> 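Before I ask anything, let me first share the structure, which is written out below as structure tokens.
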Amino acid sequence: MLLLRHSCAHVMAEAIQRIVPGAQLVYGPPVDNGFYYDIAFPDDRPLKEGDFDAIEKEMAAIVGEDRPFTRYDMSAEEGLAKLNGEGSKYKVDNAKRAIEAREEDSSESYPTMEGTDSSESRPTLLSFYATGEPGTDWEDLCRGPHLPSTGRIGAFKIMSLASSYWHGDETSDRLTRVYGTAFFKPKQLEAHLALLEESKARDHRVLGKKLRLFHIDEAVGQGLVLWTPAGSVIRKELQDFIGEELRKQGYMDVFTPHIGKLELYKTSGHFPYYAQSQYAPIMERDFLQGIADEGCSCAELANMVATGSVKGYLLKPMNCPHHIKIFDSQPHSYRDLPVRLSEFGTVYRWEQSGELNGMIRVRCFTVDDAHLFCREDQIADELKGCLSLVKFAFGTLGLNDFRVRVGLRGPDSDKYVGTSENWDRAEKACLDAAAQLGTPVSKEPGEAAFYGPKIDFIVKDVIGREWQLGTVQVDYNLPERFDLSYIGKDNKPHRPVMIHRAPFGSMERFVAVLIEHFNGAFPLWLSPEQVRVLPISDKSNDYADDVVNRLKDARVRTSVDTSGDRIQAKIRNAAEMKIPYLAVVGPRDAQASKVSIRARGIQKNLGQMDLDQFVAAIRSEIDTKGTESVSARFS
RNA sequence: GCCGCUGUAGCUCAGUGGUAGAGCGCACCCUUGGUAAGGGUGAGGUCACGGGUUCAAAUCCCAUCAGCGGCUCCA
């Protein structure tokens, strides 16, 4: 498959160069679902989506000719001379890098496929692949290998255009990345495209609109999520769920403001280090008036804002400084530790506009945050506690498809604060705690924060993009910066260690992930609407109201559909909203104090149940979070 | 922020220089129907926003705002 897709990238590149003669090739590797080719287009002839048809036509012609992929080798000198002659700076660069990489270390894999020679016996050779006859047909510097001939490419499609940077460097040349995909058989391509359609329907942004879970309004601002009533139910249920567990684990709730003095964030180090990703400071009116009176120019003011030499407040980018100040508001004995302060704390970050994504990447989000202040010898136990909470919460939600990344120190030891012995212990504690989760754990040296090792939970969205959810981080830095202390057994002050932990990460991102995970069909306890009562006709409306009232008394979220629709339409409408249970009521049910039950995902009437029994069964499914289910009583 | 694409009714979308369209939803009427769309009538739009070209712009051009796909970033 990789060969197929890489070969197809060559075919596409040839087709593109026929249509846009000045286009210079850069890299063209296969990727997960296809391949791409980074290409530098002349400024006066950018590639547009409108060109796709023409390119695909050319590609079909090349495939139809069934030309063989032919490899030939040249020495480094010859190859470079040839590429120089062709005036392709990108290919020359690829070749040079390939040669260098090989001379330095042949075992090191080269980041791009181009130009690396898999044959170690001829280390200074560069290989080229011609699509047909070398010298007469189209060719490309390439390590290969390839399919025997173009005719083997059964089905292909150009998918999209994107921009990229040369060597992934923002300041370097901007390239156009053309994505395509290819399969051996047309049916496979059709299946792949159908899967993409399905994924799109599962996207939290699509479902969020359809199920009315959240709204983002231009008039409010980019990346600022408005939680609708339905979405708020889910968030509130999650908060109550996690809050209950936190109380069991000895956490104490706190509430803190959304802003804090700029100076506070200088102490914490968030300013100016993260100044780029923060909203600009909120300045005091007197301060602004004062500098205006002194004749301060806009440029001067902008500079003052950038350097933080203004009097004002920041929308908080993190909750830690506030929690630290609560901890530090009174002295602590070693006997008091650990102190665990928790808050669903809302934070604000100025993410780049192109990075925003539904509820997954936003500018204002609420962290299920907590900060643990503990002794060095308590770190391991506290980490275990955090991880068991994550295990429990994720397990309850059936969210098992995530991976764990443990960020450890990298080789350059200068950038890390805290003693080496403490780091050793903390890293070991993180690894031990992570191991208890029973999911894949990857150790990643160099991924630790400068202030301590961390454990991150990472999930994939419906399109396969990975997102970080929760995180648990050991921190030696902030206690230092804020000069925190507790009184030890020896009656002397000691420095506590902080653990930052947020099992869900942000409520916004977590709910987005859940929407996709459940495909909008939330378990009963999370469902915004749990039961919808459907009278057969308005003759049964009164009984339907009775049923609704009984359910409401049992704290079940419910409504009744008294529209003029026939029962078929009512069922269809409720099914589209993915409501877990439908209680159909007609004269036959009213007369016997029963309801006819239909469960989500089961395309038939399950049968009648006594109303009393149904109310109790629903309540129990909610309370057990699905361990006991109403529909199971019919099987 | 960068490149490409997109923006038309509450939603999904058609319309590509000459009087603004469909389906769903909504309102009203008829239908009172037992498990995934009963029928009719009607309301609803500054065609994202601001400029320009033109006798004439939803349509062409420029800028702005927003969304999408990537890139870069991500405590």
Side-chain angles (χ1 to χ4, degrees), chain A residues 31 36 38 40-41 46-52 159-179 196 200 203 205-206 209-210 212 215-223 268-270 273-274 276-278 317-320 347 349-358 360-361 367 369 407 449-452 454 456 463 465 467-468 471 473 475 477-478 500 502 505-506 509 534-541 563-576 582-589 596-600 602-608:
Chain A
V31 290
Y36 67 80
D38 277 348
F41 286 92
L47 195 70
K48 308 256 185 182
E49 276 180 19
D51 297 321
F52 285 7
M159 303 299 290
S160 63
L161 286 179
S163 83
S164 62
Y165 300 103
W166 194 25
H167 302 157
D169 176 359
E170 203 174 354
T171 60
S172 187
D173 292 11
R174 204 172 43 241
L175 308 171
T176 301
R177 179 168 295 182
V178 189
Y179 280 89
L196 287 182
K200 207 177 151 196
D203 188 303
R205 292 164 295 192
V206 174
K209 192 174 264 182
K210 184 177 156 199
R212 296 184 207 133
H215 174 65
I216 296 175
D217 197 297
E218 214 176 296
V220 175
Q222 271 187 297
S268 72
H270 293 124
Y273 192 62
Y274 296 118
Q276 289 306 310
S277 48
Q278 286 170 13
M318 290 196 135
N319 297 307
C320 358
V347 297
R349 299 184 193 180
W350 187 262
E351 303 288 356
Q352 296 190 85
S353 61
E355 274 311 326
L356 300 171
N357 180 294
I360 277 196
R361 187 93 180 251
V367 182
D369 216 349
F450 70 91
Y451 50 75
K454 60 178 184 174
D456 292 329
I463 322 181
R465 291 178 293 206
W467 299 94
Q468 183 182 318
T471 181
Q473 305 183 1
D475 186 350
N477 177 51
L478 285 177
H500 309 248
S506 89
R509 181 175 291 182
L534 309 179
I536 295 286
S537 77
D538 55 15
K539 286 177 185 155
S540 301
N541 280 359
S563 68
D565 287 335
R566 300 200 316 180
I567 192 65
Q568 287 86 342
K570 290 183 182 181
I571 288 172
R572 183 187 157 86
N573 290 337
E576 298 227 306
L582 309 183
V584 176
V585 295
R588 294 207 294 266
D589 305 285
S596 294
I597 304 303
R598 200 180 157 111
R600 182 178 57 203
I602 302 172
Q603 307 268 332
K604 59 172 191 183
N605 178 9
L606 288 177
Q608 278 188 317

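From a predicted model like this one, the values you see are computed outputs, not experimental measurements. Every chain is numbered from 1, with letters handed out A, B, ... down the list of sequences. Keep in mind that the numbers below use all heavy atoms, side chains included, and drop hydrogens, waters and symmetry copies.
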> Output the single nucleotide from B:A37, B:U35, B:U32 whose closest atom is nearest the side chain of A:Ile567.
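For the A:Ile567 side chain, the nearest candidate turns out to be B:U35.
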
> Please work out if A:Tyr36 contacts a base, only the sugar-phosphate, or nothing of the nucleic acid, heavy-atom cut-off 4.0 Å.
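Nothing: the residue A:Tyr36, judged by heavy atoms under 4.0 Å, touches no strand.
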
> Quick one: A:Phe52 CZ to B:C5 C1', roughly how many Å, whole number?
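The distance from CZ of A:Phe52 to C1' of B:C5 comes to 9 Å, rounded to the nearest Å.
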
> Assess whether atom CD of A:Gln276 is packed by more than 12 heavy atoms of other residues, nucleotides or ligands within 6.0 Å.
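Counting other residues, nucleotides and ligands, CD of A:Gln276 stays at 12 neighbours or fewer.
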
> Tell whether A:Asp589 reaches the base of B:G34 with its side chain through a donor-acceptor pair below 3.5 angstrom.
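Such a pair is found, so the answer is yes.
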
> Applying side chain to side chain donor-acceptor pair (under 3.5 Å), name anything that partners A:Asp475, two or more places apart in sequence or on another chain.
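Only A:His500 meet the side chain to side chain donor-acceptor pair (under 3.5 Å) criterion with A:Asp475.
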
> Could a donor-acceptor pair under 3.5 angstrom be found where the side chain of A:Ser160 meets the base of B:G4?
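Not at all, since no donor on one side and acceptor on the other fall under 3.5 Å apart.
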
> Does the structure show a Watson-Crick or G-U wobble partner for B:G18, both distances under 3.5 Å? Name it, or say none.
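With both distances under 3.5 Å, B:G18 matches B:C55.
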
> Which of the following nucleotides, B:G1, B:A36, B:U35, is nearest to the side chain of A:Ser353?
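Output: B:G1.
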
> Classify the nucleic acid contact of A:Arg177 as base, sugar-phosphate or nothing, counting any heavy atom under 4.0 Å across all strands shown.
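Contact class for A:Arg177: sugar-phosphate only.
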
> Which nucleotide in the list B:G34, B:G70, B:A37 gets nearest to the side chain of A:Arg588?
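Between B:G34, B:G70, B:A37, the one nearest the side chain of A:Arg588 would be B:G34.
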
> Applying a 3.5 Å limit to both distances, which nucleotide forms a Watson-Crick or G-U wobble pair with B:G7?
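B:C65 is the nucleotide pairing with B:G7.
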
> Do any side-chain nitrogens or oxygens of A:Lys209 fall under 4.0 Å of OP1 or OP2 in B:U12?
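Looking at the OP1 and OP2 atoms of B:U12, one of them is under 4.0 Å from a side-chain N or O of A:Lys209.
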
> It should be established whether A:Arg566 places a side-chain nitrogen or oxygen under 4.0 Å from OP1 or OP2 of nucleotide B:U35.
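For A:Arg566, the contact criterion (side-chain N or O under 4.0 Å from OP1 or OP2 of B:U35) is not met.
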
> Can you check the A:Asn541 CG to B:G34 C1' distance for me, whole Å?
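So the CG-C1' distance, A:Asn541 to B:G34, works out to 15 Å.
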
> Measure all distances between protein nitrogen or oxygen atoms and nitrogen or oxygen atoms of nucleotides 73-75 of chain B, and list the pairs falling under 3.5 Å.
unit_1	atom_1	unit_2	atom_2	d
B:C73	O2	A:Arg361	NH2	3.0
B:C73	N3	A:Arg361	NH1	3.4
B:C74	O2	A:Arg361	NH1	3.0
B:C74	O2	A:Arg361	NH2	3.4
B:A75	N6	A:Ser277	OG	2.2
B:A75	N1	A:Arg349	NE	3.4
B:A75	N3	A:Arg349	NH1	3.3

> Can you name the residues that form a side chain to side chain donor-acceptor pair (under 3.5 Å) with A:Gln608, not counting sequence neighbours?
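With sequence neighbours excluded, A:Gln608 shows a side chain to side chain donor-acceptor pair (under 3.5 Å) to A:Asp589, given in chain and number order.
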
> Considering every strand shown, what is the Watson-Crick or G-U wobble mate of B:U35 when both distances are under 3.5 Å?
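Pairing partner, where one exists within any strand: none, as none qualifies.
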
> Which nucleotide in the set B:A66, B:U35, B:G69 lies at the smallest distance from any side-chain heavy atom of A:Glu218?
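Output: B:A66.
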
> Using a cut-off of 4.0 Å on non-hydrogen atoms, how would the nucleic acid contact of A:Ser537 be classed: base, sugar-phosphate, or nothing?
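Contact class for A:Ser537: base.
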
